[in-house]
Structures are given as structure tokens and as C-alpha cells.
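The analysis underlying the following values was restricted to heavy atoms, covering all of them including side chains, and did not include hydrogens, waters or symmetry mates.
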Amino acid sequence: MTDIYGYAAAAPLYRAAGWMQVIPCPEGRKTPPPSGFTGRSRKPVTDEQVRFWSQSDPTANTGIVIPEGVLVLDIDAEQGHQVKADGAKGISELSQELGMLPATWSSTAHGIDSPARHLFYKVPEGLAWKGGAIEGVDILQPGHRYSVVWPSIHPSGEMYCWYTPSGSTTSQIPHISDLATLPWKWVDYLRKPEHTTPRPTSNTLISPETGTYDARMCKAINTFLHKTLSNPASKGSRHDTTLQAVWALVNFAQEGHRGALDAISQLKPRFIQEVAPDRQGKEREAAREWASILSGAMEKVNGVQAHADPCGQSKIERMTPGEFNELTQNTIANQMRESYPQAVQNTETMPVQAGSTPVAPVQNGSTESHEANKTASPSWQFEDLAQLASGIELPPTPTVFQREDGQGLFYRGAVNDLHGEPGCGKSMIAQIATAQELKADRDVIYIDYEDSARNVVKRLLLLGVSGEQIIGHLHYVRPSAKPSSPTSLGGWRETLDYADTATLAIIDGVTSCLAYAGLDSNSGDDIAAWYNTMPRLISACGPAVVLIDHVVKSKDNRGRYAGGSMQKLALIDGISYSVDMTKPVGKGVRGTIVIKSGKDRISEIEEHCAVSWSSNGSHLREAARIEINSTDPKLMRVTIARPNMMPSEDRQTKRDDFRPTGLMERISRMLEDSLEEPNQSELFKALKEDGSGARTAVMSKAVSLLLQEGFVSNRSGRNNRSIFKSVRPYRQIDDPKSDAYVDRMSREEASELDDENHLEI
């Protein structure tokens with residue numbers, strides 16, 4: 001990851017490692033952070049916000065806001081930050097009293113030998129922390145402060161680096177689970193004392209002293225509300241505790257627990273009474289504060305109370321994650337068997353492609369499931385191969401998402417996938433395929449965990465789909481719970497109804513979908529269970545199911561499959577594509593997205609792919625080049641072209657081909673603006689002062705390329721040292737070898753576009 005530079009490249013990597021609140025800071029500086037995204041009342045950083053920041057300032061520094069369950073010790077050196085105390089010495093003395101701190105991941109821009117660094121630890125959630133451990137050692141904690149991290153540039157010009165617990169530098173980003181756990185003696189020393197004595201109130205319907213339960217609520221709700229009322233500041237403040245409690249109760253309601261909304265109503269008078277004395281506007285201000293908390297949470301509640309409370313079905317509070325997942329899978333299978341016997345029958349009896357796994361109901365061992373499955377069809381039965389052997393029943397042919405030569409790229413009745421890096425155009429391809437089907441008046445299901453209906457419909461309109469076609473044939477849903485949730489079952493049944501007539505079904509966001517189901521994307525068992533209880537139930541009804549997934553963050557470890565368990569590739573019974581944006585796609589430009597086949601289970605498409613595999617050993621074959629022309633602001637023109645069928649090798653970036661185009665443009669601009677001709681030392685010094693953290697070897701490489709290509713000239717100056725001057729400007733946007741290269745529109749296109757804009761004005 002040594003070639004990663006700037007927020008735009010780093011933010012997706014941090015979010016993939018679990019650091020979701022990734023923010024930009026000015027390049028070469030620590031402050032200011034973006035307003036509203038730090039502090040106790042911070043807004044969550046969304047994928048859309050990351051894209052906006054990445055586009056507006058791609059080379060910004062990268063910061064991570066400290067999440068719940070993490071605490072960072074900010075150790076200052078005696079000479080650093082003009083501090084009076086040596087934090088490293090102070091922490092060493094404190095260690096004699098509390099015990100040695102365990103080795104953990106750390107971050108610093110001061111080098112491997114400097115004691116001044118941020119030490120990252122896992123800690124219990126919900127505790128309030130002091131502002132500092134000792135003079136010279138601050139505490140970075142949830143809701144307060146953030147840490148500027150690799151690949152940011154320190155004001156000194158040095159780059160921040162991550163260090164492993166062994167003290168060595170690394171190109172990896174730590175996952176939160178990789179951090180060492182802070183010992184309890186340190187936790188007790190660093191935490192603020194809790195104020196647990198609740199104020200007496202006549203509005204409390206659950207007594208912390210007697211443990212009396214409200215009959216309107218199930219056991220889980222009673223227990224949760226009891227704990228919340230007993231310790232109203234357990235999350236550091238009453239506001240934060242109430243905010244998290246309301247959101248938790250909303251989730252309980254989504255799961256179907258009885259009395260969750262009644263519990264929320266009980267929190268209101270208690271909250272107002274306890275915070276009003278601390279508010280300038282007293283009860284009125286406290287009531288407004290409560291309304292703000294409630295309105296945000298209630299947007300997620302659909303108002304439908306489930307018929308069956310999970311607490312009445314099983315001892316949910318004592319379930320292990322594995323037992324819960326097993327129950328989830330069985331609930332879906334049984335519900336589908338009872339409500340959609342034909343769909344399940346199709347799933348169990350459809351011809352199985354070579355290497356695929358037939359869908360089978362999952363038993364969880366409960367009495368109810370055992371009785372229900374006594375009369376169910378067997379999950380292990382031999383297939384009748386007569387029709388297949390006689391050629392009457394053939395494997396599905398690819399008919400969806402057609403190239404310009406008529407070759408389809410997705411199989412109906414099978415699970416296909418698109419995987420690639422964030423921002424590579426996976427969703428764009430799915431929407432282009434959707435547009436093709438809608439224009440032909442065919443039905444499409446779009447299950448979206450990543451974007452919004454507004455953005456999807458906007459792109460479909462740009463792709464030439466009419467409003468009538470969208471209204472009549474697009475079935476769009478953005479789920480907020482797993483399909484087995486009692487409040488989701490009605491919508492899930494409706495999805496399978498639509499699947500009977502749909503030709504295409506998109507599931508955008510496999511990782512998010514798995515997370516909603518409480519499943520692990522790195523677990524082969526979880527992946528297999530999910531495939532059999534969601535994608536394959538849909539594909540059994542007939543449409544081409546297309547999954548949109550991410551790749552692993554390390555390019556070296558990337559294979560032919562999406563990030564997570566290799567089981568993802570094994571379970572694909574259609575075709576799996578790797579997606580790569582070779583030329584940027586966006587307003588006013590022509591871009592290119594290339595898809596390459598990594599596995600074609602049915603082998604009907606691969607023979608129409610490029611002759612040769614990619615040269616990087618990944619065994620990928622180019623299947624199509626999607627050219628997207630967005631020079632017209634009112635219409636997006638798309639061509640799905642055939643691949644280059646001549647044997648050729650992909651361009652492989654070697655070390656000798658490294659091209660620091662951003663640095664080349666910075667040097668070119670400096671020389672263009674310079675009144676004098678600087679020598680190399682003066683030029684490199686100016687770059688450092690301008691905030692560049694590039695190494696000397698990289699700066700030398702940039703100057704050498706500018707000289708070779710005629711953008712810069714040099715001659716002998718004082719003491720026979722070469723001095724440089726600009727010959728012509730270098731810009732990344734004009735360099736076909738740069739990732740920032742953008743095709744220039746022809747004069748006629750530019751003039752036509754300008755005329756249209758004037759007419760609109």
C-alpha cells in the first residue's frame with residue numbers, strides 16, 4: 001500500500017477495517033476537521049459523504065474518530081507540542097503503579113524510535129473517561145478528539161505510519177479486533193467515576209429496587225429498561241444514554257419484541273425530569289431535546305407490531321450467535337415452505353449445475369422446528385436425471401445484460417456477481433443492466449443496502465428509461481432488517497412474488513446484507529447459509545440474481561473472488577465478474593469500465609471472452625468493455641462493447657513504471673510560478689515546505705520524467721549544479737498514463753454542450 005496517498009484512496013480501506021467514522025483534514029495539517037462529524041453529537045459518516053469528500057479534496061489528510069470500545073493514549077515527547085512534561089516518562093512511571101501496558105498497534109509521524117505516538121486499545125463500551133492519564137498524556141475517546149493517521153502528512157512533512165505491537169512498521173491497517181485490550185487496572189484508573197444513584201421519580205413504572213416488571217412488555221424489554229433506568233448516565237451523560245437506549249428499543253421493535261414502544265414512552269418523563277435542571281430553558285428545552293432524539297429514532301419504525309414475540313418463542317437473551325443464525329435460517333425456510341410451497345419446491349427440484357449446492361432447509365433443533373419438518377419434503381433426495389440426460393431440460397443460457405453483439409452476460413435462474421474496489425462502477429453496471437430490462441418492459445427487483453431510491457432513479461432516467469417504465473416495472477426496496485424479522489416477512493414474500501415475473505434481481509451490498517442478518521462475511525458456513533436462504537430462493541423463481549460485493553483491501557491477496565470467505569466464489573452457480581474502472585466515469589467525460597470473468601459455472605459466456613487471461617496470475621478473462629459517455633448532461637450514452645479478442649497481456653505496473661503524476665504536476669506548477677530557476681536542493685526544499693511528504697527518491701523520479709518528456713529543461717548553474725525551468729505545463733488530466741486522465745471533448749461537442757447550457761439558462 002506504499003502507493004496509497006490521500007483521503008480518497010485511504011478512506012475505503014479504513015472503513016473496510018471497521019473504522020467507519022473516517023474524516024478528512026487539510027493536507028499536511030491536523031486541523032480543522034469537518035464541522036459536525038466529531039464530538040458527542042457527531043453525525044455519522046455515510047458512503048455518500050465519503051464520496052463527496054473524496055471528490056472535493058482527494059489528497060486531504062485522513063483522520064479516524066474514535067469509536068465506542070476503543071481508547072487512545074496520546075503520548076507527547078518532551079520536545080513535542082511545546083509540552084512542559086515528558087509524557088513518555090510519565091507513562092513509564094505510571095506503569096510501575098498499574099503494571100506494564102500491553103504491546104498494541106500505534107501510530108506516529110515521528111519515526112520508529114520516537115516515544116511520541118498514539119497507542120490504540122480495546123476497552124469496555126459505555127464508560128466515561130478522564131481527559132488525560134497524566135500530564136503529557138491525553139486520552140482520545142469516543143465522542144472527543146480524533147486521530148490523524150496514515151497516509152496523512154504531518155505538518156513537519158513526515159508521513160504518519162502504523163506500527164505493529166512488535167514495533168515494526170507495516171503497510172496494513174489494524175482492524176479494531178486486532179487491538180490489545182487495556183488491563184482493568186488501567187481502565188479503573190482512566191475512567192470517570194459513575195454516578196449511579198437515580199433521582200426518585202413517580203413516573204418510573206419499573207422499580208429498580210423491587211425489579212417489578214410491566215406486563216405490557218416482554219422479558220427482554222423489561223430487563224433492558226430496568227438497566228437503563230437504574231443507571232441513566234452509563235454512557236457518559238444522560239443525553240447519550242437516552243439516545244442509545246431509544247435506538248436500541250427501536251431495534252427491539254423491529255425484531256418484534258412486545259412493548260418496545262411503551263418502554264420508549266416511559267423514558268420521556270424520566271429524561272425531561274433529570275436533564276431539565278441542567279438546561280437553560282429547563283423543561284421546555286429538555287422536551288425539545290427529547291423530541292429530537294425520538295424523531296430520529298422513530299423514522300426507522302414502520303409501526304407494525306409483530307404477531308410473535310421472540311421472547312415467547314425462545315430464550316433469545318441466552319442464545320449464542322451460532323444458535324441465532326441457525327434460527328434465522330430455519331425461520332426463512334419454514335416460512336417459505338408454509339407460504340410459498342411452489343418456490344421451495346422449485347428450489348429443491350431444479351436441475352443442479354455441476355459443482356453447485358442445492359437449497360436445503362436448515363433445522364435448529366427446537367421442538368417446533370422438529371415437528372414442522374416431520375411433514376416437510378426431504379432435503380436429501382436423488383435427482384431424476386431423465387430429462388437432463390435426454391437434452392429436454394438444458395442449463396440456463398445468458399440472456400440478461402447484452403453486449404452490442406447480442407451476447408448476454410448474466411444467467412437467468414442463477415446467482416451471478418460483480419465485485420471490485422469501492423467506486424469502480426459495480427452499481428453503475430447493475431443499473432445499466434436494470435435499464436436494459438426496463439426499456440424492454442421487463443420486471444426488475446432492486447434490493448439496495450448501499451444507495452437510495454432517489455439516486456438510482458436519477459441514473460435510470462439519465463440512461464433513457466422512461467418514468468412509466470420505472471413505475472411499472474422496477475420494484476425497489478431498501479431493507480432495514482433481515483428478511484426473517486417479523487416486520488420484514490411480508491416484504492420478503494412480496495419479493496418472491498415479484499421474482500416469478502422478474503428477469504433480473506440486484507442485491508447491492510452483500511457485506512451489509514450479511515451484517516443485517518447477523519452473519520460473518522469471513523465464515524464459509526455463514527456464507528453458505530445466506531446463499532441458500534436469500535439469493536438462491538430468488539433465482540429459483542427465474543430471474544438472474546446479481547450480487548454486488550467488495551474485494552479484499554490488499555491487491556497482493558486479491559484473487560478471482562470477492563472479499564471475505566472463498567466460499568463466495570464456490571457458491572456462484574452463474575458467472576462471477578471482477579470490475580475495474582480503467583478511465584474515470586463522471587459528468588462531462590467519457591469513461592470506461594471493464595468486466596473480467598473469474599468463474600463461469602455454466603461455460604456459456606467464457607468462450608465469448610478474451611482469448612488470454614490477465615497477466616497478473618489471477619486467471620481473469622475480459623468479457624466486455626462498458627463505454628460511458630456523460631458529456632451530455634441530460635443523457636448518458638452507454639456502449640457495451642466486445643473485449644479485445646487478440647491475445648495480449650494486461651498492462652502491469654512494475655516498479656520501473658511507477659509514475660508519481662500528482663508530484664509531477666506540483667513540481668511543474670512550482671517551476672511555472674518561480675521567478676528564479678531553482679536547483680534540485682532548492683526545489684525539493686520548497687516541496688517539503690509546501691507540505692509534500694514524498695521521499696527524495698520519488699521527487700527525483702518525478703523530475704526525471706518531466707525532463708525526459710520535455711515539460712522541464714535543465715542547465716548548469718552555480719557550482720556546476722543543475723537548475724530547472726518550465727518548458728510547458730504538465731497536468732495529470734492530460735496524461736493518458738495517469739489515473740486522473742480525462743478525455744477532452746471535441747470542439748464540436750464542447751460547443752454543442754455550451755450552446756445547450758445557454759439555452760437552458
Side-chain angles (χ1 to χ4, degrees), residues 350-357 394-420 424-434 436-437 444-445 502-508 510 527-528 530-532 534-536 538-551 558-580 593-614 618-626 640-645:
M350 69 177 294
V352 181
Q353 307 302 328
S356 66
T357 306
L394 297 174
T397 55
T399 56
V400 178
F401 190 40
Q402 295 185 359
R403 292 189 318 211
E404 59 183 356
D405 62 352
Q407 174 62 46
L409 298 172
F410 292 140
Y411 293 100
R412 285 194 60 180
V415 179
N416 312 266
D417 101 314
L418 297 164
H419 59 268
C424 70
K426 303 182 294 294
S427 297
M428 176 67 75
I429 292 174
Q431 289 154 15
I432 292 171
T434 298
Q436 272 194 1
E437 297 304 295
V444 176
I445 299 169
T503 56
L504 175 64
I506 306 294
I507 302 178
D508 193 347
V510 169
I527 297 296
W530 178 74
Y531 264 80
N532 289 339
M534 189 173 187
R536 283 194 175 160
I538 299 175
S539 68
C541 298
V545 174
V546 178
L547 311 179
I548 300 180
D549 207 349
H550 296 297
V551 293
R558 223 172 265 169
R560 296 180 294 145
Y561 55 94
S565 170
M566 192 172 180
Q567 186 81 337
K568 288 182 177 179
L569 185 66
L571 289 167
I572 293 292
D573 57 358
I575 189 166
S576 174
Y577 289 113
S578 174
V579 182
D580 183 28
I593 302 173
V594 175
I595 60 172
K596 299 178 182 179
S597 168
K599 168 191 169 181
D600 183 359
R601 175 73 76 182
I602 304 172
S603 300
E604 289 284 327
I605 299 174
E606 202 152 53
E607 62 179 301
H608 301 283
C609 295
V611 176
S612 60
W613 283 331
S614 299
S618 59
H619 292 159
L620 299 173
R621 293 173 60 182
E622 186 175 310
R625 304 183 74 86
I626 297 99
I640 307 172
R642 298 171 69 247
N644 179 6
M645 302 303 285

To the nearest 0.5 Å, what is the distance between [atom1] on [X] and [atom2] on [Y]?
X      : Y      : atom1 : atom2 : answer
Thr434 : Ile429 : OG1   : CD1   : 11.5 Å
Ile595 : Ile626 : CD1   : CD1   : 4.5 Å
Ile572 : Tyr531 : CD1   : OH    : 3.5 Å
Asp549 : Ile507 : CG    : CD1   : 11.0 Å
His419 : Leu547 : NE2   : CG    : 11.5 Å

Smallest separation among heavy atoms of [X] and [Y], with atom names:
X      : Y      : result
Ile538 : Ala505 : CG2-CB, 3.8 Å
Ala624 : Arg403 : CB-CD, 3.9 Å
Cys424 : Ile593 : O-CG2, 3.9 Å
Ala430 : Leu418 : N-CD1, 4.3 Å
Ile575 : Leu409 : CG2-O, 3.5 Å

Would you say Asp573 and Arg536 make side-chain contact, with heavy atoms under 4.5 Å?
yes
Going by heavy atoms in the side chains, are Leu504 and Phe401 under 4.5 Å from each other?
no
Any donor-acceptor pair under 3.5 Å linking the side-chain atoms of Asn416 with those of Tyr577?
no
Which residue, Ser578, Cys609, Ser597, Ser576, forms the side chain to side chain contact (heavy atoms under 4.5 Å, CB included) with Leu620?
Ser578
Expected output: side-chain [X] to main-chain [Y] donor-acceptor under 3.5 Å:
X      : Y      : value
Tyr411 : Arg601 : no
Arg642 : Gln407 : no
Arg621 : Ala610 : yes

Do Gln436 and Ile640 pass the side-chain contact (heavy atoms from CB on, under 4.5 Å) test, and can you show the C-alpha distance, the side-chain angles, and the key distance before you say yes or no?
CA-CA 11 Å; Gln436 272 194 1; Ile640 307 172; 3.3 Å; yes
Under the salt bridge (charged side-chain N to carboxylate O under 4.0 Å, His left out) test, which residues partner Glu437, sequence neighbours left out?
Arg442
